[in-house]
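As structure tokens, the structure follows; a few thoughts come after it.
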Amino acid sequence: MKIGYARVSTDGQDEALQVDALERAGCDRIFIDRGVSGAVPPSQRPQFSELALSLTDGDRVTVWKLDRLGRSLRSIIDTLDGFRDLGVEFCSITESIDTTSAHGRAMWQMMGVFAELERETIRERTREGIEAARRRGRKFGRPKALSQEQVYTAQRLIDRKEESVSSMARQFGVDRGTLRRALSS
């Protein structure tokens, strides 16, 4: 079965251009998500979810444009990998990607290579940025809940038995466990 998928980001947009193209492509059934951003993962879109549940081996999903599936290349690739795993073919009208042809499959594989390159480049830049920030003295992680002065004050009052751990934790607005860990370090 040929299944079409259309998506418009706002309720005010018109999906007619997409639907016309999908009908010309011979789609038997068309699912349309209206008012759904491309940033929303396909699995969280109502009509896309219904489309996914209806797929069987040998079906073909067609979109007007690749960006109707998602904003990020990773999201699109994950979606198309899911189709492939189900034995479902894919076609994007505008980009002329058709996984039933050798050229379409080659294009798909090249997209996968570029997506992997993009992921690795982002990972490298992130790692290098973190290392550079650490060399400049930047600390990562959650800030301390209690200052050294608060820990010192709590320790002094608890040792003198003027206050309990619970009362000091309440005064500082932290959990007793947080205060105990600070006192023991």
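Count residues from 1 along the sequence.
For the pair Q18 (side chain) and E15 (backbone), a donor-acceptor distance under 3.5 Å is absent. Side-chain N or O atoms of T10 include none that pairs as donor or acceptor with a backbone N or O of G35 at under 3.5 Å. Panel note: side chain R45, backbone V40; a donor-acceptor pair is recorded below 3.5 Å. Within the 3.5 Å criterion, the main-chain N or O of E163 finds no donor-acceptor partner in the side chain of S167. In this structure, the side chain of D20 does not engage the main chain of L17 through any donor-acceptor pair within 3.5 Å. In terms of modelled atom types and a separation under 3.5 Å, the side chain of S75 and the main chain of G70 share no donor-acceptor contact.
The stretch residues 23-61 participates, sequence neighbours left out, in these ring-ring contact (aromatic ring centres under 6.0 Å, His included) pairs: Y5-F48.
A single hydrophobic cluster is not seen to contain both W64 and F90; linkage of ILVMFWY side chains at heavy-atom distances under 4.5 Å, directly or through other members, places them apart. Note on V8 and L22: separate hydrophobic clusters, where clusters join Ile, Leu, Val, Met, Phe, Trp and Tyr whose side-chain heavy atoms are under 4.5 Å apart, directly or indirectly. Under the 4.5 Å side-chain heavy-atom criterion for ILVMFWY residues, no single connected hydrophobic cluster contains both I93 and L51. Criterion: ILVMFWY side-chain heavy atoms under 4.5 Å apart, direct or through other members. Under it, L66 and M110 are part of a common hydrophobic cluster. A continuous path of ILVMFWY side-chain contacts below 4.5 Å connects F83 to M107, so both sit in one hydrophobic cluster.
Counted by atom type alone, T100 and E89 present zero donor-acceptor pairs between their side chains at under 3.5 Å. Judged purely by distance below 3.5 Å, without hydrogens or angles, the side chains of S101 and D98 never pair a donor atom with an acceptor atom. Counted by atom type alone, T178 and R176 present zero donor-acceptor pairs between their side chains at under 3.5 Å.
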Which pairs would a plain distance check flag for residues 128-146, meaning a side-chain donor or acceptor within less than 3.5 Å of a matching protein atom at least two apart in sequence or in another chain?
unit_1	atom_1	unit_2	atom_2	d
R136	NH1	A132	O	3.3

Donor-acceptor pairs are to be reported for all side-chain atoms of residues 151-158 against protein atoms at under 3.5 Å, with residues two or more places apart or in another chain.
unit_1	atom_1	unit_2	atom_2	d
T153	OG1	E149	O	2.9
Q155	NE2	D159	OD1	2.9
Q155	NE2	D159	OD2	3.3

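The environment of CZ in R84 is crowded: more than 12 heavy-atom neighbours from other residues, nucleotides or ligands sit within 6.0 Å. The number of heavy-atom neighbours closer than 6.0 Å to CD of E120, taken from other residues, nucleotides and ligands shown, is above 12.
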Self-check item: side-chain contact (heavy atoms from CB on, under 4.5 Å) evaluation trace for D57 with L86
Solution: CA-CA 6 Å; D57 187 15; L86 293 171; over 6 Å; no

Quiz item: Under the side-chain contact (heavy atoms from CB on, under 4.5 Å) criterion, do L69 and V63 qualify, and how do the steps go?
Solution: CA-CA 8 Å; L69 288 181; V63 295; 4.0 Å; yes

Quiz prompt | R7 vs I32, side-chain contact (heavy atoms from CB on, under 4.5 Å): CA-CA, chis, key distance, verdict | solution = CA-CA 6 Å; R7 180 187 57 77; I32 304 169; over 6 Å; no

Self-check item: Step-by-step side-chain contact (heavy atoms from CB on, under 4.5 Å) determination, C91 to T99
Solution: CA-CA 6 Å; C91 177; T99 61; over 6 Å; no

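Side-chain contact between T62 and K2 is absent, with no heavy atoms from C-beta onward closer than 4.5 Å.
One finds the CG atom of L179 at 9.0 Å from the OG atom of S166 (value rounded to the nearest 0.5 Å). Of the inter-residue distances, the one linking M1 atom CE with S54 atom OG reads 7.5 Å to the nearest 0.5 angstrom. Summarising the geometry, atom CG belonging to L183 is positioned 9.0 Å from atom CE belonging to M168; distances are rounded to the nearest 0.5 Å. Atom OG of residue S147 and atom CZ of residue F172 lie 7.0 Å apart, to the nearest 0.5 angstrom.
Contact check on K65 versus E95 returns no salt bridge, with no Lys/Arg side-chain nitrogen under 4.0 Å from an Asp/Glu carboxylate oxygen. With respect to R68 and D33, no salt bridge is recorded, no charged nitrogen being found less than 4.0 Å from a carboxylate O.
Contact record, G38 with S9: N-OG, 4.4 Å, taken as the closest heavy-atom pair.
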